[in-house]
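Reading through the structure tokens given below for one structure.
Predicted model only: the values in this text are computed from it and were never measured.
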Amino acid sequence: MSDHTQAGNSQRIKAGPRAVAILGPYGSGKTTLLESIAAVTGTVPRKGAVTDGSSLGDSAPEARARQMSTEVNVLATRFLGEDFTFLDCPGSVELMGEALGVLPGSDAAIVVVEPDAAKAPLLQPVLRLLAEARVPHILFINKFDTAQGAFRLLLAALQRVSELPLLLRQIPIWEEGAAAGFVDLALERAHRWQAHAPSHVIDIADARREKDARFQMLEKLADHDEHLLEELLGDIEPSRDEVFGDLRREFANGQVVPVLIGSAEGDTGIRRLLKALRHEVPDVSAAASCLGAPREQGAVVQVLKTVHGGHGGKQSLVRVLRGGLKEGQVLYGPGGREARIAGIASLVGNRALKRATAEAGDVVALAKLDPFGTGDMLTGIKSGGRHVPVAWPVPVYRLAVEARDRKDEVKLTAAIARLCEEDPSLRFEQNAETQEMLLAGQGEIHLQLAVDKLAHRFGLSLDTRKARVP
């Protein structure tokens, strides 16, 4: 059983705030999913779009220009009375370092994939990250209203790239060759989708197909539940509480990967996805245990990401693992360093919503924690802080950078240091032989983004050229 996960009880109780990462290959529709979640939960009055630059996420100039995620997008929201923070990570393989910092503080992840069997292999780097971080995850097949080809072939292709068994939770309803809704196999209810509106319940048209698919789902759950296996062998219908208890427990324990379908563009299937997250995602205690968060030391927080934001100064995106926070509180980190919280905020895209306190489970931005960086665990007592190592990727591509105006050279060095603190997969090197300043990272896109940030944030004009990889 994974240390990151914990078993659930069949009778669900309200959980505290939870953090869910969103991952998937470039082009799968992750940021559109984030936008849909914001609209469905009522966090935004009007849904934006990536294509016209009105999306909640991807608001940085570099992201707008490329119409792609270039850093983690954060959405704090509520659904059916419970708090969630969604952390939308870039899909480009070169930018996957963005996910490395946030995954240890996440309770679960949504993996977004297109309904195209040929694109299934693109999931392998994402699933490898999740396996290493020991984070339970749901597979959400997006854009399902455009699905073509046999559903079973798509599932087979997805299973080939997943080390864990996929657990089909829904089967599509087809009308005139297109997906028009789904049958929920746990609830045994059929739903017809309505664009940008809740689905409505309809009669199950093909009861035999539903029964067969439900039995297959129960068989997979029974692999980890002897009592359920005995019921199936005895042709006894398990209770709904037992089924949902197994769904919650086996997901949290990382034994199965639930599969759901929908379309973020049309807001279809999103409410069912959110209900699954509400019911099945474990609370923060699992992540806290996995990270080794100390007990009886007051507040304990993990720094997930560091951002240097213009006049706002340094901000630290943190997950509160234990205890609570208030403005003005002192936190202690590695080496006895300390800092006083100058402000607490929930993030909704690029908007910071000020708040006075934060509780265990919350993901918040803390101001002015200047001595601390990504990966640091901070506590309320002097001896409790430590650094949680992250295996950042080794650089494979380098650019030589030079300020066009020589008087900007000192400014350039300081700016690069800030970018490397924001993105530890980015490195600053100096070639002793050529006296060149080098940016080292994961590829041309990764480094060009860094150069663009140096221009947009710090007003630097640079000359660049590809450097030899040693």
Looking at [Y] and [X], is there a salt bridge between them, counting it only when a charged N and a carboxylate O are closer than 4.0 Å?
{"X": "E421", "Y": "R418", "answer": "no"}
{"X": "R398", "Y": "E429", "answer": "yes"}
{"X": "K466", "Y": "E444", "answer": "no"}
{"X": "E82", "Y": "R18", "answer": "yes"}
{"X": "R78", "Y": "D83", "answer": "yes"}

If you look at every heavy atom in [X] and [Y], which pair is closest and at what distance?
{"X": "A264", "Y": "I270", "result": "CA-CD1, 4.0 Å"}
{"X": "P294", "Y": "V300", "result": "O-CG2, 3.6 Å"}
{"X": "A345", "Y": "A352", "result": "CB-CB, 3.9 Å"}
{"X": "A299", "Y": "L331", "result": "CB-CD2, 4.5 Å"}
{"X": "Q302", "Y": "G375", "result": "NE2-O, 3.2 Å"}
{"X": "K368", "Y": "A339", "result": "O-CB, 4.1 Å"}

So, the side chain of [X] versus the backbone of [Y]: is there a donor-acceptor pair under 3.5 Å, distance only?
{"X": "R337", "Y": "P371", "answer": "yes"}
{"X": "Q159", "Y": "L164", "answer": "yes"}
{"X": "D283", "Y": "S285", "answer": "yes"}
{"X": "T43", "Y": "A39", "answer": "no"}
{"X": "H456", "Y": "L454", "answer": "no"}
{"X": "D107", "Y": "A19", "answer": "yes"}
{"X": "S55", "Y": "G57", "answer": "yes"}
{"X": "S263", "Y": "F144", "answer": "no"}
{"X": "D405", "Y": "D408", "answer": "no"}
{"X": "K326", "Y": "I341", "answer": "no"}

Going by the side-chain hydrogen bond (donor to acceptor under 3.5 Å, both in side chains) test, which pairs reach into [range], not counting sequence neighbours?
{"range": "residues 371-380", "result": "T306-T374, D376-H387"}
{"range": "residues 25-34", "result": "K30-D88, T31-D58, T31-S69, T31-D88"}
{"range": "residues 339-353", "result": "S346-R355"}

Student check: side-chain heavy atoms of [X] and [Y] closer than 4.5 Å:
{"X": "L166", "Y": "L158", "value": "yes"}
{"X": "M96", "Y": "P90", "value": "no"}
{"X": "I37", "Y": "F79", "value": "no"}
{"X": "L325", "Y": "I344", "value": "yes"}
{"X": "F140", "Y": "V111", "value": "no"}
{"X": "L419", "Y": "H308", "value": "no"}
{"X": "I261", "Y": "R169", "value": "no"}
{"X": "Q315", "Y": "L369", "value": "no"}

Please report the interatomic distance [atom1]([X]) to [atom2]([Y]), rounded to the nearest 0.5 Å.
{"X": "R272", "Y": "L277", "atom1": "CZ", "atom2": "CG", "result": "9.5 Å"}
{"X": "L56", "Y": "L34", "atom1": "CG", "atom2": "CG", "result": "6.0 Å"}
{"X": "L438", "Y": "Q430", "atom1": "CG", "atom2": "CD", "result": "8.5 Å"}
{"X": "E62", "Y": "Q448", "atom1": "CD", "atom2": "CD", "result": "10.5 Å"}
{"X": "L100", "Y": "W392", "atom1": "CG", "atom2": "CH2", "result": "5.5 Å"}
{"X": "I110", "Y": "L139", "atom1": "CD1", "atom2": "CG", "result": "11.0 Å"}

Can you sort out the partners of [X] under side chain to side chain donor-acceptor pair (under 3.5 Å), two or more places apart, ordered by chain and number?
{"X": "S162", "value": "none"}
{"X": "Q67", "value": "none"}
{"X": "K453", "value": "none"}
{"X": "R404", "value": "S461, D463"}

Applying salt bridge (Lys or Arg N to Asp or Glu O under 4.0 Å), name anything that partners [X], two or more places apart in sequence or on another chain.
{"X": "R66", "answer": "D452"}
{"X": "R322", "answer": "none"}
{"X": "R295", "answer": "none"}
{"X": "E114", "answer": "K119, K143"}

Has [X] got more than 12 heavy atoms of other residues, nucleotides or ligands less than 6.0 Å from its [atom1]?
{"X": "E265", "atom1": "CD", "result": "no"}
{"X": "K275", "atom1": "NZ", "result": "no"}
{"X": "Q124", "atom1": "CD", "result": "yes"}

(message) Evaluate H446 against L95 for side chain to side chain contact (heavy atoms under 4.5 Å, CB included), listing each step before the verdict.
(response) CA-CA 6 Å; H446 187 205; L95 306 179; 3.7 Å; yes
(request) Output all residues satisfying side chain to side chain contact (heavy atoms under 4.5 Å, CB included) with A455, sequence neighbours left out; order by chain, then residue number. (result)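 Listed in chain order: nothing, the list is empty.
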(request) List the steps and the verdict of side chain to side chain contact (heavy atoms under 4.5 Å, CB included) for L447 and L449. (result) CA-CA 5 Å; L447 295 186; L449 281 171; over 6 Å; no
(request) Take L321 and V301, measure what side chain to side chain contact (heavy atoms under 4.5 Å, CB included) needs, and give me the verdict at the end. (result) CA-CA 5 Å; L321 300 175; V301 306; 6.0 Å; no
(request) Quick one: do R128 and V126 satisfy side chain to side chain contact (heavy atoms under 4.5 Å, CB included)? Show the steps, please. (result) CA-CA 5 Å; R128 190 180 308 117; V126 174; over 6 Å; no
(message) Using 30° and 60° as the class boundaries, would you call the ring planes of W193 and F182 parallel, tilted or perpendicular?
(response)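 Rings of W193 and F182: tilted, as their planes differ by 30° to 60°.
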